[in-house]
Amino acid sequence: MALRIIAGEAKGCRLHIPQGTQVRPSTSRVREAVFNSLHSLDLLHDAHVLDLYAGSGALGLEALSRGAASATFVESAPSALDALRANVAVTGLAQRSHVVPGDVMVKLQRLTGPAASGFDAGAGQFDVALCDPPYSFTMWTDLLAQLSSRVVVVESVSEVQPGPAWEVVKSQRYAGTVVVIAKQR
C-alpha cells in the first residue's frame with residue numbers, strides 16, 4: 001500500500017510504512033474525510049495537534065501539511081518510530097514536529113496534565129488530538145478521561161462512546177473503520 005500526504009504543503013510526499021502488524025495506517029479515504037471535517041469546523045489552521053499511537057505519523061503530518069502550527073507524535077513500537085522519524089524528515093515538517101517515544105498511557109499525563117510542557121503548545125494546550133490505536137485497544141474510557149484537548153478524533157473498529165466530558169460532533173463508518181469527532185464540553 002502506498003501512503004502519501006493528500007493535501008497542503010507536503011502534498012504527494014510518499015510516506016514510509018512500518019513493518020509488522022502492530023501499525024494500521026489510516027487509509028487515504030479516511031484521512032481525507034477526517035481532514036475535510038476538521039477543515040470545515042475550522043480546527044486546523046495554526047492548531048497544536050497531538051497524534052497518539054502515531055504509527056507512520058500520517059495523521060499528524062497531514063495536519064501539519066494542511067496548516068497546523070505543531071504536531072506532537074507519541075509512539076512506542078520501534079519499527080513505527082523509525083518510519084515516523086523518516087516521514088517527518090521526508091515531508092520537510094521537522095521544525096514543527098516533536099516525536100515522543102513511549103507508551104501513550106504513560107506519556108499522556110506528562111503531555112496534557114497540569115505539569116505538562118507540551119511542544120510549542122504551552123502547558124498541555126492541544127487543540128486537536130488524533131487517536132488511532134491498534135484495533136485491539138480497549139482502554140478508551142481511560143484514554144479519553146485523561147485527554148486534554150479541545151477536539152478529539154477517534155479511529156476504531158467500532159463506535160466509541162467518548163463519555164460525559166465530550167460532545168460528539170460527527171460519527172461515520174468507512175468500511176472497517178469508525179471515525180468519531182468530539183469536542184470537549
Side-chain angles (χ1 to χ4, degrees), residues 1-8 15-18 20-41 43-44 47-66 68 71-77 79-81 83-84 87-88 97 99-100 102-105 107-108 111-112 126-163 165-184:
M1 165 170 79
L3 193 62
R4 297 182 185 275
I5 297 295
I6 298 167
L15 301 177
H16 299 272
I17 300 173
T21 59
Q22 291 181 325
V23 176
R24 173 191 43 84
S26 298
T27 66
S28 294
R29 179 178 179 223
V30 170
R31 280 186 293 124
E32 186 166 17
V34 164
F35 286 99
N36 285 345
S37 293
L38 292 175
H39 178 75
S40 71
L41 296 168
L43 294 170
L44 275 181
H48 297 286
V49 175
L50 180 60
D51 188 350
L52 301 174
Y53 305 95
S56 68
L59 291 174
L61 291 168
E62 189 74 43
L64 287 172
S65 183
R66 293 178 183 233
T72 298
F73 301 87
V74 183
E75 178 56 58
S76 62
S79 65
L81 282 166
L84 172 59
N87 291 337
V88 165
S97 300
V99 176
V100 178
D103 180 81
V104 166
M105 298 305 286
K107 299 294 182 178
L108 192 56
L111 289 169
T112 64
F126 291 98
D127 299 300
V128 178
L130 306 166
C131 303
D132 186 15
Y135 280 144
S136 61
F137 185 77
T138 59
M139 298 176 58
W140 287 109
T141 303
D142 295 339
L143 175 69
L144 294 171
Q146 276 191 62
L147 192 57
S148 174
S149 66
R150 283 196 242 159
V151 173
V152 63
V153 177
V154 169
E155 284 190 41
S156 181
V157 292
S158 59
E159 185 81 23
V160 172
Q161 299 301 321
W166 300 94
E167 176 185 345
V168 174
V169 175
K170 182 176 183 177
S171 179
Q172 182 74 42
R173 177 173 285 282
Y174 303 92
T177 302
V178 176
V179 175
V180 175
I181 300 175
K183 64 180 181 177
Q184 191 85 236

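The first residue in the sequence is number 1, and the count goes up from there. Just so we're clear, the structure is a prediction, and the values are computed from it rather than from any experiment.
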Contact check, side chains of Leu3 and Arg31, non-hydrogen atoms, under 4.5 Å: yes

Chi angles and distances behind the side-chain contact (heavy atoms from CB on, under 4.5 Å) call for Val160, Val178: CA-CA 8 Å; Val160 172; Val178 176; over 6 Å; no

Test item: Leu111 and Thr72 side chains (from C-beta on) under 4.5 Å apart, heavy atoms: yes

Glu159 versus Ser171, side-chain donor and acceptor atoms under 3.5 Å: yes

side-chain contact (heavy atoms from CB on, under 4.5 Å) between Phe73 and Ser97, worked out: CA-CA 8 Å; Phe73 301 87; Ser97 300; 3.8 Å; yes

Check: Asn87 side chain, Ser56 main-chain N or O, donor-acceptor pair, under 3.5 Å: yes

By ring-ring contact (aromatic ring centres under 6.0 Å, His included) - contacts of Phe137 (at least two apart): Tyr53, Trp140

Sequence neighbours excluded, every pair satisfying salt bridge (charged side-chain N to carboxylate O under 4.0 Å, His left out) that has a member inside residues 168-177: none

Over all atoms of both residues, closest heavy-atom pair of Ser76 and Leu81: O-CD1, 4.1 Å

Leu38 side chain reached by Asn36 side chain, heavy atoms, under 4.5 Å: no

Heavy-atom pair with the smallest gap, counting every atom of Glu32 and Ile6: N-CD1, 3.7 Å

Residue pair Leu108 / Leu50, side-chain heavy-atom distance below 4.5 Å: yes

Pairs involving residues 142-161, ordered by first then second residue, that meet ring pair (Phe, Tyr, Trp, His ring centres under 6.0 Å) (sequence neighbours left out): none

For Arg29, side-chain contact (heavy atoms from CB on, under 4.5 Å) partners two or more places apart: Thr27, Tyr174

Side chain to side chain, Val179 and Val154, heavy atoms closer than 4.5 Å: no

Heavy-atom donor-acceptor pair, Asp51 side chain to Gly60 backbone, under 3.5 Å: yes

Residue list, salt bridge (Lys or Arg N to Asp or Glu O under 4.0 Å) with Arg150, at least two apart or on another chain: Asp127

Minimum-distance pair of heavy atoms, taken over all atoms of Ile5 and Ala58: CD1-O, 4.4 Å

Any donor-acceptor N/O pair, Glu75 side chain to Ala77 backbone, under 3.5 Å: yes

Within-4.5 Å side-chain heavy-atom neighbours: Thr177 and Val157: no

Minimum side-chain heavy-atom gap Val30-Glu155 below 4.5 Å: yes

Donor-acceptor contact below 3.5 Å, side chain Glu167 vs main chain Lys183: no

Partners passing ring-ring contact (aromatic ring centres under 6.0 Å, His included) against Trp166 (at least two apart in sequence or in another chain): none

Gap separating the CZ atom of Phe35 from the CG atom of Leu130, nearest 0.5 angstrom: 5.0 Å

Any donor-acceptor N/O pair, Ser37 side chain to Ala33 backbone, under 3.5 Å: yes

Closest heavy-atom pair and its distance - Ile17, Ala83: C-CB, 4.3 Å

Least distance between heavy atoms, Cys131 atom then Leu52 atom: SG-CD1, 3.8 Å

Nearest-0.5 Å distance, OG1 of residue Thr141 to CD of residue Gln161: 10.0 Å

Ile181 vs Val168 side-chain heavy atoms within contact, under 4.5 Å: no

Heavy-atom pair with the smallest gap, counting every atom of Met105 and Leu143: CE-N, 3.7 Å

